[in-house]
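Just so it is clear: chains get the letters A, B, ... in the order the sequence lines come, proteins before strands, and each one is counted from 1.
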2 protein chains.
Amino acid sequence: MAYNIPVEATLDVIGGKWKVVILCHLIKGEKRTNEFKKLMPRITQKMLTQQLRELEADGVVKRKVFEQVPPKVIYSLTDYGWSLKPILDNMCSWGESHIEINGEEVVS
Amino acid sequence: MAYNIPVEATLDVIGGKWKVVILCHLIKGEKRTNEFKKLMPRITQKMLTQQLRELEADGVVKRKVFEQVPPKVIYSLTDYGWSLKPILDNMCSWGESHIEINGEEVVS
DNA sequence: CAGTATCCCGAGGGATACTG
DNA sequence: CAGTATCCCTCGGGATACTG
């Protein structure tokens, strides 16, 4: 509400500290919570949950809970979330072409 | 340095609180400081200067000072900054198509 | 394994005043 | 007009412990 420029609406959805990173990972496929933790070694449990909940509330991420022990939760993009793909793809490739990557933390 | 995923490099450059908004305005043409203030009524002088300085340090924004009284400063995109255009265009149009805009503060 | 609940610190950023 | 300098306070977010 009351944006001064439309792009602020976009930032409302993907502007969070970790949201773009999370979404970029989800473009490559659905993920479990622990997978996110390994892909983002610096994120805390608290922030991970928080960012995912906000993305879910905005309708771009879907959360599927498997009722079992131990618990299993899978996150994926919604159709609405996939509409962000062009933006995310562009951001990813811009980063790839403008910076050298350091792969020190690619845990399997 | 030491990114876990390339897109973090992109976020380093455009991830600031107001940077995407500033860059979107610059895509439509160079701007003076006061123009920014009118386009972004909620930004403070401090934040405006700070974000512009960081964009300048990252080489995406160019600052041109006219030595005169009263002072005149014009900001514009560098060639490097223009390489972000596809991302910014996508973000702008996504916002346009997904949210209704409120134009209450379009001062001339 | 996935998530919630507390505690708590520090810096991000607002408000204000001043300068060239 | 454009920018710097202070003061100061909120709250983002880290660390830790606990639950289903």
Side-chain angles (χ1 to χ4, degrees), chain A residues 2-5 8 11-23 25-26 29-58 61-77 105 107-108, chain B residues 2-5 8 11-23 25-26 29-58 61-77 105 107-108:
Chain A
Y3 297 120
N4 287 291
I5 185 176
E8 290 178 358
L11 295 171
D12 265 359
V13 177
I14 66 171
K17 189 176 183 183
W18 296 91
K19 290 182 182 175
V20 167
V21 174
I22 288 173
L23 293 172
H25 285 307
L26 284 179
E30 52 182 33
K31 296 280 180 297
R32 296 189 57 175
T33 305
N34 259 6
E35 293 182 278
F36 279 126
K37 289 184 184 174
K38 287 174 182 169
L39 290 167
M40 300 179 283
R42 306 215 187 137
I43 200 173
T44 58
Q45 165 81 42
K46 179 182 177 180
M47 285 309 295
L48 178 58
T49 304
Q50 179 183 309
Q51 299 282 292
L52 285 167
R53 289 293 177 282
E54 291 180 12
L55 290 168
E56 197 187 352
D58 284 326
V61 161
K62 184 168 34 184
R63 180 168 177 263
K64 183 170 182 182
V65 181
F66 294 79
E67 297 294 351
Q68 61 181 51
V69 179
K72 176 179 176 182
V73 177
I74 288 186
Y75 293 94
S76 59
L77 293 177
E105 276 289 357
V107 186
S108 67
Chain B
Y3 297 120
N4 288 292
I5 186 175
E8 290 179 357
L11 294 171
D12 265 359
V13 177
I14 66 171
K17 189 176 184 184
W18 295 92
K19 290 182 183 177
V20 167
V21 174
I22 288 172
L23 294 171
H25 284 307
L26 284 178
E30 52 183 33
K31 296 278 180 297
R32 296 188 58 174
T33 306
N34 260 6
E35 294 184 277
F36 279 127
K37 289 184 184 174
K38 289 174 182 171
L39 290 166
M40 300 180 284
R42 307 218 187 136
I43 199 172
T44 59
Q45 165 81 35
K46 179 181 176 181
M47 284 309 295
L48 177 58
T49 303
Q50 180 183 309
Q51 298 282 291
L52 284 167
R53 290 291 176 284
E54 291 179 16
L55 289 168
E56 197 187 352
D58 283 327
V61 161
K62 185 168 32 184
R63 179 168 178 262
K64 183 170 183 183
V65 181
F66 294 79
E67 297 294 351
Q68 61 183 53
V69 178
K72 177 179 175 182
V73 178
I74 288 187
Y75 293 94
S76 60
L77 293 176
E105 276 290 358
V107 186
S108 68

Please report the shortest heavy-atom distance between [X] and [Y], naming the atom on each side.
| X | Y | answer |
| --- | --- | --- |
| Glu35(A) | Arg32(A) | OE1-N, 2.6 Å |
| Gln51(B) | Trp18(B) | OE1-N, 3.1 Å |
| Asp12(A) | Asp58(A) | O-OD2, 4.0 Å |
| Lys31(B) | Gly29(B) | NZ-O, 3.0 Å |

* With sequence neighbours left out, write down each residue that passes side-chain contact (heavy atoms from CB on, under 4.5 Å) with Lys37(B), or none if nothing qualifies. =>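 Counting only residues at least two positions away or on another chain, Lys37(B) forms a side-chain contact (heavy atoms from CB on, under 4.5 Å) with Thr33(B), Asn34(B), Gln45(B), Leu48(B).
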* To do: Applying side-chain contact (heavy atoms from CB on, under 4.5 Å), name anything that partners Glu67(B), two or more places apart in sequence or on another chain.
  =>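 So Glu67(B) forms a side-chain contact (heavy atoms from CB on, under 4.5 Å) with Val65(B).
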* Find out whether Met40(A) and Asn4(B) are in side-chain contact, i.e. whether some heavy atom of one side chain is under 4.5 Å from a heavy atom of the other. =>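 Not touching, per the 4.5 Å side-chain cut-off.
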* Do Leu11(B) and Val21(A) come close enough that some side-chain heavy atom pair is under 4.5 Å? ->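 The answer is yes; the side chains approach within 4.5 Å.
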* Please work out which residues in residues 65-77 of chain B have a non-hydrogen atom less than 4.0 Å from an atom of DNA chain D and list them by number. =>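 Heavy-atom cutoff 4.0 Å gives Pro70(B), Pro71(B), Val73(B), Tyr75(B).
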* Give, for atom CG of Leu77(B) and atom CD of Glu30(B), the distance between the pair rounded to the nearest 0.5 Å. =>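 Answer for the CG-CD pair, Leu77(B) versus Glu30(B), is 10.0 Å.
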* Roughly how far, to the nearest 0.5 Å, is NZ of Lys17(A) from CD of Gln50(A)? ->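 One gets 10.5 Å once the value is rounded to the nearest 0.5 Å.
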* Full working for side-chain contact (heavy atoms from CB on, under 4.5 Å) between Phe36(B) and Leu52(B) -> CA-CA 11 Å; Phe36(B) 279 127; Leu52(B) 284 167; 4.2 Å; yes
* Asked: If the sugar-phosphate is the primed atoms plus P, OP1 and OP2 and the base is the rest, what is the B/S/- string for nucleotides 7-12 of chain C, using protein heavy atoms under 4.0 Å?
  -> B-----
* Asked: Rounded to whole angstroms, how far apart are CE on Met40(B) and C1' on dG13(C)?
  ->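 Going from CE in Met40(B) over to C1' in dG13(C) covers 15 Å.
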* Walk along DNA chain D from 5' to 3' and tell me the first and last nucleotide with an atom closer than 4.0 Å to a non-hydrogen atom of chain A. =>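 Reading along DNA chain D, I get dG13(D) to dG20(D).
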* To do: Return the angle between end axes of the helix from dC1(C)-dG20(D) to dG20(C)-dC1(D), with five pairs used per end and rounding to 10°.
  =>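 Between the axes fitted at each end of the helix from dC1(C)-dG20(D) to dG20(C)-dC1(D) lies an angle of 50°.
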* **Name of the residue among Ile14(A), Leu23(A), Leu26(A) meeting side-chain contact (heavy atoms from CB on, under 4.5 Å) with Leu55(A)** =>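 With Leu55(A) as partner, Ile14(A), Leu23(A), Leu26(A) yield a single side-chain contact (heavy atoms from CB on, under 4.5 Å), made by Leu23(A).
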